[in-house]
Amino acid sequence: MKENIIPHHYQVSKKDRIANNKHNSFLIWFTGLSGSGKSTIANLVEETLFKAGIKTYSLDGDNIRKGINNDLSFAPTDRTENIRRIAEISNLMVDAGLVVFAAFVSPYKKDRENIRTIVKDVNFVEVYINTSIEECERRDVKGLYKKARAGEIKNMTGVSAPYEAPERPDIEIKTEDESIEDSVKRIVDFITPKLQLKDE
């Protein structure tokens, strides 16, 4: 019962961890259609920061859906729970002093707002990878659109389920109009000031 859950206060705080790491911690959330380029861009941004000595970790469908969320389907209620759990995991990792990268379709605005609430607005950077459904289908990296069009996959975002695009993302990347290199640089330039500790 929840009333019997009493938090334990540890000696090492988030402030201690980020001071030890010499950088702030926060969540960078990449949203967009399947095949939009979320994971590709997130991985390259993480690689750039990691090489600069930043403590990072990436969450994506492979390490979440095959593990902690392997009991969830792609029905709307399960998709909401999937994102809620990822947000809670991300929040713990931010508390651990890490810069967390999360690349998920996350099609519903209310779910993305809930992420912001869980990790707190100051710790949340929303990156919208804006790639048209036509381009995503042309790429069809995982063959999911072909299966969805054939009726083999239900609740496929952009085909048989909606995608609610962010209205005011922190960064919008239009992959059909700019190179991956330019996209990565733009994101790195945006988040670099957030990494700096105030007393530096």
Side-chain angles (χ1 to χ4, degrees), residues 1-32 38-74 76-129 166 169-171 187-188 190-200:
M1 298 193 299
K2 290 183 179 180
E3 61 266 25
N4 293 325
I5 298 175
I6 302 169
H8 183 83
H9 297 286
Y10 292 90
Q11 296 303 313
V12 180
S13 67
K14 175 187 174 184
K15 185 177 180 180
D16 295 327
R17 287 186 281 269
I18 64 174
N20 195 51
N21 289 344
K22 297 181 175 61
H23 63 76
N24 281 318
S25 60
F26 48 89
L27 168 64
I28 309 168
W29 190 276
F30 294 78
T31 179
K38 298 183 300 298
S39 294
T40 298
I41 294 171
N43 286 340
L44 289 169
V45 175
E46 181 186 20
E47 184 180 20
T48 301
L49 296 190
F50 184 80
K51 286 179 178 178
I54 305 301
K55 306 294 189 298
T56 64
Y57 193 81
S58 282
L59 298 169
D60 65 24
D62 287 336
N63 60 23
I64 291 293
R65 283 281 187 178
K66 289 182 180 179
I68 196 167
N69 287 354
N70 68 0
D71 60 324
L72 300 177
S73 72
F74 286 90
T77 53
D78 277 4
R79 296 190 87 148
T80 290
E81 175 61 10
N82 181 56
I83 297 304
R84 187 196 69 79
R85 290 184 194 178
I86 297 162
E88 293 289 358
I89 293 166
S90 299
N91 194 42
L92 291 173
M93 289 185 161
V94 169
D95 188 61
L98 302 177
V99 173
V100 185
F101 294 82
F104 295 89
V105 174
S106 44
Y108 306 124
K109 290 179 186 177
K110 63 179 177 60
D111 293 343
R112 296 193 301 270
E113 283 304 311
N114 191 43
I115 302 163
R116 191 184 294 271
T117 300
I118 290 170
V119 302
K120 299 183 180 61
D121 190 62
V122 69
N123 297 322
F124 184 71
V125 177
E126 185 177 53
V127 181
Y128 174 30
I129 307 299
D170 295 296
I171 308 170
I187 296 169
V188 170
F190 180 87
I191 62 179
T192 295
K194 287 183 69 69
L195 290 166
Q196 306 303 315
L197 299 179
K198 288 183 179 179
D199 57 354
E200 289 187 346

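Computed from a predicted model, the values in this text were never measured in an experiment.
Taken from CG in D170 to CG in D121, the straight-line distance is 8.0 Å, to the nearest 0.5 Å. Remark: R79 CZ to N82 CG distance equals 8.0 Å, nearest 0.5 Å. Put simply, OG on S90 and OH on Y57 are 11.0 Å apart, with the number rounded to the nearest 0.5 Å. With rounding to the nearest 0.5 angstrom, the OG atom of S25 is 11.0 Å from the CD1 atom of I54. Separating the CD1 atom in I89 from the CG atom in N69 is a distance of 6.0 Å, to the nearest 0.5 Å. Atom CD1 of I118 sits about 12.5 Å away from atom CG of N123, to the nearest 0.5 Å.
Screening residues 100-125 for ring-ring contact (aromatic ring centres under 6.0 Å, His included), with sequence neighbours left out, gives W29-F104.
Taking the side chain as every heavy atom from C-beta outward, I28 and E126 never approach each other to under 4.5 Å. Between L98 and T56 there is no side-chain heavy-atom pair separated by less than 4.5 Å. Looking at heavy atoms from C-beta onward, R65 lies out of side-chain contact with N70 at the 4.5 angstrom threshold. Using a 4.5 Å heavy-atom threshold, the side chains of P169 and V127 count as separate. Between V100 and F26 there is no side-chain heavy-atom pair separated by less than 4.5 Å. Counting heavy atoms from C-beta outward, F30 and I187 have side chains that approach closer than 4.5 Å. At a threshold of 4.5 Å between non-hydrogen side-chain atoms, the residues E47 and L44 count as touching. Taking 4.5 Å as the limit, every side-chain heavy atom of N24 sits out of range of all side-chain heavy atoms of Q196.
Under a 3.5 Å cut-off, the side chain of K38 and the backbone N or O of T31 do not form any donor-acceptor pair. A donor-acceptor contact shorter than 3.5 Å links the side chain of H23 to the backbone of K55. Judged purely by atom type and a 3.5 angstrom limit, D60 has no side-chain atom pairing as donor or acceptor with the backbone of A103. At least one donor-acceptor pair closer than 3.5 Å links the side chain of D78 to the backbone N or O of S73. For K22 (side chain) and L197 (main-chain N/O), no donor-acceptor pair under 3.5 Å exists by modelled atom type. Side-chain atoms of D16 come within 3.5 Å of backbone atoms of S13 as a donor-acceptor pair (strictly under, hydrogens ignored).
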Is there a side chain to side chain contact (heavy atoms under 4.5 Å, CB included) between V125 and F190 once you walk through the steps?
CA-CA 10 Å; V125 177; F190 180 87; 3.9 Å; yes

Do E81 and R84 pass the salt bridge (Lys or Arg N to Asp or Glu O under 4.0 Å) test, and can you show the C-alpha distance, the side-chain angles, and the key distance before you say yes or no?
CA-CA 5 Å; E81 175 61 10; R84 187 196 69 79; 2.8 Å; yes

So L49 and I191, side chain to side chain contact (heavy atoms under 4.5 Å, CB included) or not? Walk me through it.
CA-CA 10 Å; L49 296 190; I191 62 179; 3.6 Å; yes

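Residues S58 and N43 share a closest heavy-atom pair of OG-OD1, 4.3 Å. A102 and L27 make their closest contact through CB-CD1, 3.9 Å (heavy atoms, listed as atom of the first residue, atom of the second, distance).
Heavy-atom contacts from other residues, nucleotides or ligands closer than 6.0 Å to CD1 of I68 number 12 or fewer. The environment of NZ in K15 is sparse: at most 12 heavy-atom neighbours from other residues, nucleotides or ligands sit within 6.0 Å.
Taking the charged nitrogens against the carboxylate oxygens, K14 and D95 have no contact shorter than 4.0 Å, which rules out a salt bridge. In this structure, E113 does not pair ionically with K109, as no charged nitrogen and carboxylate oxygen lie closer than 4.0 Å.
No donor-acceptor contact under 3.5 angstrom links the side chains of T117 and N114, judged on distance only. Side-chain atoms of D111 and S106 form no donor-acceptor pair, as typed in the model, at a separation below 3.5 Å.
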